[in-house]
Number of protein chains: 2
Amino acid sequence: MAGRARATMKDVAALAGVSPKTVSNVVTGTVFVRPETVERVEAAMTELHFVPNLSARGLRNGRSGTIAVALPDLATPYSAELLHDLVEVAHERGLAVQVEETGAEPGREVELLSRARAHLIDGLILNPIRVEDSAVEYADHLPPVVLIGEVEQRVTDHVIVDSRAASRDITRHVISRGARRIAAIGGDENPEKETAASRLRLDGYRDALRDAGIEPDPRLEINPLPWTTPSAAAAVDGLIASGVEFDAVVAFTDTLALGVLHSLATHGKRVPDDVLVTGFDDVEMARFSSPALTTIGFDLRRVAEEALSLLNRRMTERTAPARSVTVPYELIVRASTGD
Amino acid sequence: MAGRARATMKDVAALAGVSPKTVSNVVTGTVFVRPETVERVEAAMTELHFVPNLSARGLRNGRSGTIAVALPDLATPYSAELLHDLVEVAHERGLAVQVEETGAEPGREVELLSRARAHLIDGLILNPIRVEDSAVEYADHLPPVVLIGEVEQRVTDHVIVDSRAASRDITRHVISRGARRIAAIGGDENPEKETAASRLRLDGYRDALRDAGIEPDPRLEINPLPWTTPSAAAAVDGLIASGVEFDAVVAFTDTLALGVLHSLATHGKRVPDDVLVTGFDDVEMARFSSPALTTIGFDLRRVAEEALSLLNRRMTERTAPARSVTVPYELIVRASTGD
DNA sequence: CTGAAAGCGCTTACAG
DNA sequence: CTGAAAGCGCTTACAG
């Protein structure tokens, strides 16, 4: 078959002795076709190895059957797990998934959205990093968009977890276990470096401190960029070297927390005996680290389903008001806070 | 703009006072167009928010500018890191990437390849699990395919790492550190469960044992399916419960090795003092586990580049003989074998 | 239940 | 350097 021209509906129609329209009806299955006819057409399709040309279909009906998923860093465990669920759910719903990486640069999100490529897709699921920079103001020129993650805007649909409350809860938890000098890894005052997650989780952390009457210490608020395991390890190395005392570390993602554990182990600090440690996201490694991580968990499969449902609705009702779905979280207590 | 019809080249041409052909020339940039004309056309495109319809272009020139990447499980750290590099390289070369998950079921690979969707793509990069089942025999009816990973066939292009030699080397390493009772996690005799990686890494492990005069013990060859961290942990739990003695564990992926470390820690076995442990792949967590993992590393970015180069060549020369590129590996010694 | 015609938005020869 | 025509392979009205 290599090299031989691909069969078209016209070829199939000729072989089956029907019109192209009938072949189309058989392929799409929207109209009832007489069983004998269906059989003849299917036999012809098999014989010719017919596969519909999706470019042609897409051109005709204006939909490609493909959505894009844009994530900051595909190599991160959290992104990988989220992508896994999104692809699974999308395929169940008959949609193909194209992936894009926005990276650390805020501009990439905007660029990506306005890029030509984006317009071969029927919709976009975006996990944004930045608040203001999120290209949502361009929503008018965009395909349907659903945001995953906390962003303070009401222009597009989004699926959120209440990060601030979750961060407050997990910080309260370490306070309840006796911690007073609690480092926050991922928080930042600098609006240049601030992200939606960073801002909200820092707010939640401070809420808990305030409620407990603990004075925040700027030296304990560290934002290692990018949010990776090695940079978190380096941040804790630095904290230890600085001599600032601490008895707990609240990391704003599990990926960061794994670096925290590594640094503490390197310096001979025992978790949870000397220092309590928590993460956020409940990635698979959070259960298998030494010690296992106390963290915030939520149902990623559910997030994926909600995102695709919102996107699907948006594809049909373009002008409906923006919807927001909140997925519940739970505090998962493990050995890293001495369960 | 929402709801308003998208501008076409015809609209742009009308506004700029040129023919659609000229607009096309400006957009594709293949033919020289007079600077004043270019400027007029570009102004018109901006004004109308023109974006070329890629379905139409795809229909016309037979290429979509999209490739597919099919991996067994997107949530696995190794897959995630590989996808990250593939997407990065593909984007540098102007290609979009569609992702597919083949899962554990061997049939999915075949199904996927023959599925209609596959034909909207210009090529496919596949990380196959099974040897025989890999749908490579269908290569004639397929878009250009490049395999990543060891598969014993010469029908399609592929990028490989010499798994057998690598597995032999790392097993030799633990033998050199004094181990004699070495468990292999991921090896399997059962052809039903055997995969390309499983087969070759088991062969390499046995090569090393034979060279050292150590008799293989079937009770030490365990294949936890699927190849995940929890199943590896459960496998080692079982091994310990069985009472079979061992002084080292050679895991066939880092993901498995992380589960091995977890199980050993749970049972109070110290690594490397009581048991040596090794992995394969050098994922990021291999550096941050406690202890850090001795493993086999290779350049994933390089793998991605080679795969895309092969695919690109295949897209132009469909009938050229299959090529194979071998990427070098290295033994990375870390604390888990007592460095 | 099926056919003949038209058109989705591009780009490729073919002319000038 | 630019235009007018044709066609990539489908599907959507419009007829019967």
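By convention in this document, chain letters (A, B, ...) are assigned in the order of the sequence lines, proteins followed by strands, and residues within each chain are numbered from 1. Predicted model, so just to flag it, every value in this text is computed and none were measured.
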Inset, instruction - Kindly write out the residues that satisfy side-chain hydrogen bond (donor to acceptor under 3.5 Å, both in side chains) with E317(B), not counting sequence neighbours, or none if the list is empty. - result: R323(B)
Inset, instruction - Sort and list the pairs that fulfil salt bridge (Lys or Arg N to Asp or Glu O under 4.0 Å) and have at least one residue in residues 50-67 of chain B, not counting sequence neighbours. - result: R63(B)-D122(B)
Inset, instruction - Scan V87(B), L86(B), I121(B) and name whichever one has a side chain to side chain contact (heavy atoms under 4.5 Å, CB included) with V97(B). - result: V87(B)
Inset, instruction - Among residues two or more places apart or on two chains, list those pairs meeting salt bridge (Lys or Arg N to Asp or Glu O under 4.0 Å) that have a residue in residues 82-95 of chain A. - result: E88(A)-R301(A), E92(A)-R301(A)
Legend entry - Sequence-distant partners of T28(B), side-chain hydrogen bond (donor to acceptor under 3.5 Å, both in side chains), two or more places apart: T30(B)
Inset, instruction - Give one of base, sugar-phosphate or nothing for S55(B), where a contact means two heavy atoms less than 4.0 Å apart. - result: nothing
Legend entry - Results of side chain to side chain contact (heavy atoms under 4.5 Å, CB included) for S55(B) - residues two or more places apart only: L59(A), L120(A), N53(B)
Legend entry - Pairing residues for E81(A) by the salt bridge (Lys or Arg N to Asp or Glu O under 4.0 Å) criterion, not counting sequence neighbours: none
Inset, instruction - Mind checking which stems touch DNA chain D? I mean at least 3 consecutive Watson-Crick or G-U pairs, both distances under 3.5 Å. - result: C:1-3 with D:14-16, C:5-12 with D:5-12, C:14-16 with D:1-3
Legend entry - R314(A): partners by side-chain hydrogen bond (donor to acceptor under 3.5 Å, both in side chains), with sequence neighbours left out: D157(A)
Legend entry - Separation of dC1(C) C1' from N25(A) CG (nearest whole Å): 9 Å
Inset, instruction - With the side chain of R57(B) defined as its heavy atoms from C-beta on, choose the nearest nucleotide among dT11(C), dT12(D), dT2(C). - result: dT11(C)
Legend entry - Pairwise 5' ranking along DNA chain C for F32(A) and K21(A), keeping only the more 5' one: F32(A)
Inset, instruction - Could you note down all residue pairs passing salt bridge (Lys or Arg N to Asp or Glu O under 4.0 Å) where residues 15-32 of chain A supplies at least one of them, sequence neighbours left out? - result: none
Inset, instruction - Would you please name every residue forming a side chain to side chain contact (heavy atoms under 4.5 Å, CB included) with T37(B), sequence neighbours left out? - result: V18(B), T22(B), V33(B), R34(B), V41(B)
Please write out the pairs of protein N or O atoms and N or O atoms of nucleotides 6-8 of chain D separated by less than 3.5 Å, giving the distance to one decimal.
unit_1, atom_1, unit_2, atom_2, d
dG7(D), N2, R60(B), NH1, 3.2
dG7(D), N3, R60(B), NH1, 3.3

Inset, instruction - Determine: side-chain N/O of S24(A) to OP1/OP2 of dC10(D), distance under 4.0 Å, yes or no. - result: no
Legend entry - Sub-4.0 Å heavy-atom contacts from residues 10-20 of chain A onto DNA chain D, ordered by number: none
